[in-house]
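This report refers to the structure that appears directly beneath it.
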Amino acid sequence: PNEPPLVFHWFPLIGSTITYGMDPPRFFKENREKYGDCFTFILLGKKTTVYVGPKGNDFILNGKIRDVNAEEIYTVLTTPVFGKDVVYDCPNSKLMEQKKFMKIALTTEAFRQYVPIISDEVTNYLKRTADFKGKSGIVDIPPKMAQITIFTASHALQGKEIRDKFDESLADLYHDLDMGFSPINFMLHWAPLPWNNRRDYAQRTIAKIYMDTIKERRARGETGAQDIMWHLMNSTYKGNVPVPDHEVAHMMIALLMAGQHSSSSTSSWIMLRLASRPDIMEDLYNEQVKNLGADLPPLTYEDLAKLPLHAAIVKETLRLHAPIHSIMRAVKTPMPVPGTKYVIPTDHVLLAAPGVSATDESYFPQPDLWEPHRWEKDSPLAPTIVRNVSSEEDDEKIDYGYGLVSKGANSPYLPFGAGRHRCIGEQFANLQLQTILAVIVRNFKFRNVDGSDKVIGTDYASLFSRPLEPAKIYWERREG
Ligand code: HEM
């Protein structure tokens, strides 16, 4: 009776699955115009309630643990890929502890080492890759960015030994593992289909590689490199319970997988946007020359703070191209929606879509325009809201067990989510993306193959949205 309005559809089970699946942002926008910020649609037979806008973001992402549940939704997809007893294959309280362990390794001290590692990986990649040989050329950019992402992330987060295995066996294994993340697996995750069999084999094999490494390191009594694996091996749950080896291995997989798609998609969008706006690529180059010196010395962690436009590029690209368009929660108790007559029943799934408010003109003037300079103070295109969305400093903080995180309550800009499930990889992703960007800008000028300012459409067919392929750009080496 007090349920939100139901989106019109012709067929009971299919409902709006097709129109939603083809273009979720458009689906949200059109139905918001018809039904308001809170409405229900049928997704694969399931009543799915969308609540967009800052209030909706807050309602869902900061929902109480007795009201909303993430693991019930995600586990069918993630558990076969990550492995047992981690992330969504355990109670939420355990995940909060695991996020604390994973976060320890993502500190300023570690970041200082990561910048040279990442910039060297990118530089070497550009040197050895055939598609970048010569003075100029045309390249399908997303597959290149996918490789750059995996090489840089694995080297920084998992060490040289594991990184080197990506030139051989690990690349194919991770590819097979990845197939487990197809949305079709929300229904067919259990099926003994060829790609699921390969997924399971890959999971076991990769986990074994990590577990063997753990055993060797323990046998050597290693005290050396304090990398992520070391931190996880030496972490203890409440009650002084050590983390079992298989959980360490599965967290290593989860960390790499969580970052891979989101960062790879974002870096591809950055390159495509730059190709459509060569003037901005020049602004970036000039920013480096001006703030780091004309000789462009090797990048350091400290340098990144001197490159605000580089940071704004990442920010603006995530505003328009957040790779996660739908965040889902199961409803555990009937939830009244404050300020309305609606009550969301327990047979609904809740869906948050922070991308809707990030492209709403009540918060961002000319919302569809990709304009990194809007994040500069006093820009006429600066976000028009009372709260300063470009900084979290004034936001309410809360501790879910993995350190203080911004509640992000009521913010229209939440590419990294909010609340207990908030991303722990934000700082690493920013560091990685800005470093990759800085190295690319030093080497190349980009433009669209036809010289236009067009941008390619979005592929929503996989779990993380990304550019449609092929997405070709024209590149030219900078002189000198
Ligand atoms: C959670 C986005 C990179 C690890 C999330 C969530 C979002 C997000 C929206 C919340 C999901 C939910 O509430 O259901 C992104 C974006 C990234 C990025 C846009 C890059 C541009 C990374 C990286 C790592 C990572 C590099 C690891 C190093 C995680 C983890 C969670 C998470 C562990 C927690 C899941 C949970 O508590 O349920 N991320 N992420 N992410 N992310 Fe990221």
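Excluded from the calculations below are hydrogen atoms, water molecules and symmetry mates; all remaining heavy atoms, backbone and side chain alike, are included. Whatever order the structure lists ligands and atoms in, that order sets their numbers, starting from 1. Keep in mind that what you see is a predicted model, and the values were worked out from it rather than measured.
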Does this structure show an ion pair linking E371 with R277, if we count only N-O contacts that are shorter than 4.0 Å? yes
Check D212 with K208, please: is the shortest side-chain N to carboxylate O separation under 4.0 Å? yes
Please list, in number order, the atoms of ligand 1 under 4.0 Å from a heavy atom of [X].
| X | answer |
| --- | --- |
| Y88 | 35 (C), 36 (C), 38 (O) |
| P323 | 19 (C) |
| Y74 | 14 (O) |
| I424 | 30 (C), 33 (C) |
| I324 | 2 (C), 7 (C), 8 (C), 9 (C) |

Flag side-chain contact, heavy atom, 4.5 Å: [X] against [Y]:
| X | Y | answer |
| --- | --- | --- |
| K29 | R32 | no |
| R329 | I60 | yes |
| C90 | D85 | no |

Would you say the ring centroid of [X] lies under 6.0 angstrom from that of [Y]?
| X | Y | answer |
| --- | --- | --- |
| Y402 | F101 | no |
| F41 | Y20 | yes |
| W475 | F444 | yes |

Nearest neighbour in protein (non-hydrogen) for [atom]:
| atom | result |
| --- | --- |
| atom 22 (C) of ligand 1 | C423 SG, 3.7 Å |
| atom 21 (C) of ligand 1 | T266 OG1, 3.7 Å |
| atom 15 (C) of ligand 1 | F416 CD2, 3.7 Å |
| atom 24 (C) of ligand 1 | G425 CA, 3.6 Å |

Between [X] and ligand 1, which part of the residue brings a heavy atom under 4.0 Å of the ligand: side chain, backbone, both or neither?
| X | answer |
| --- | --- |
| L255 | both |
| L414 | neither |
| A70 | neither |

For ligand 1 and [X], I'd like to know whether there is a polar contact (N/O to N/O, distance under 3.5 Å).
| X | value |
| --- | --- |
| R422 | no |
| H421 | yes |
| K99 | yes |

Shortest heavy-atom approach to atom 2 (C) of ligand 1 - which of A322, P415, S262, G355: P415
Is the NZ or CZ atom of R374 both under 6.0 Å from the centre of the six-membered ring of F364 and within 45° of that ring's axis? no
Quick check: closest heavy atoms across T458 and S465, and the distance to 0.1 Å? CG2-CB, 3.7 Å
Under 4.0 Å, counting heavy atoms only: does R329 come that close to any atom of ligand 1? yes
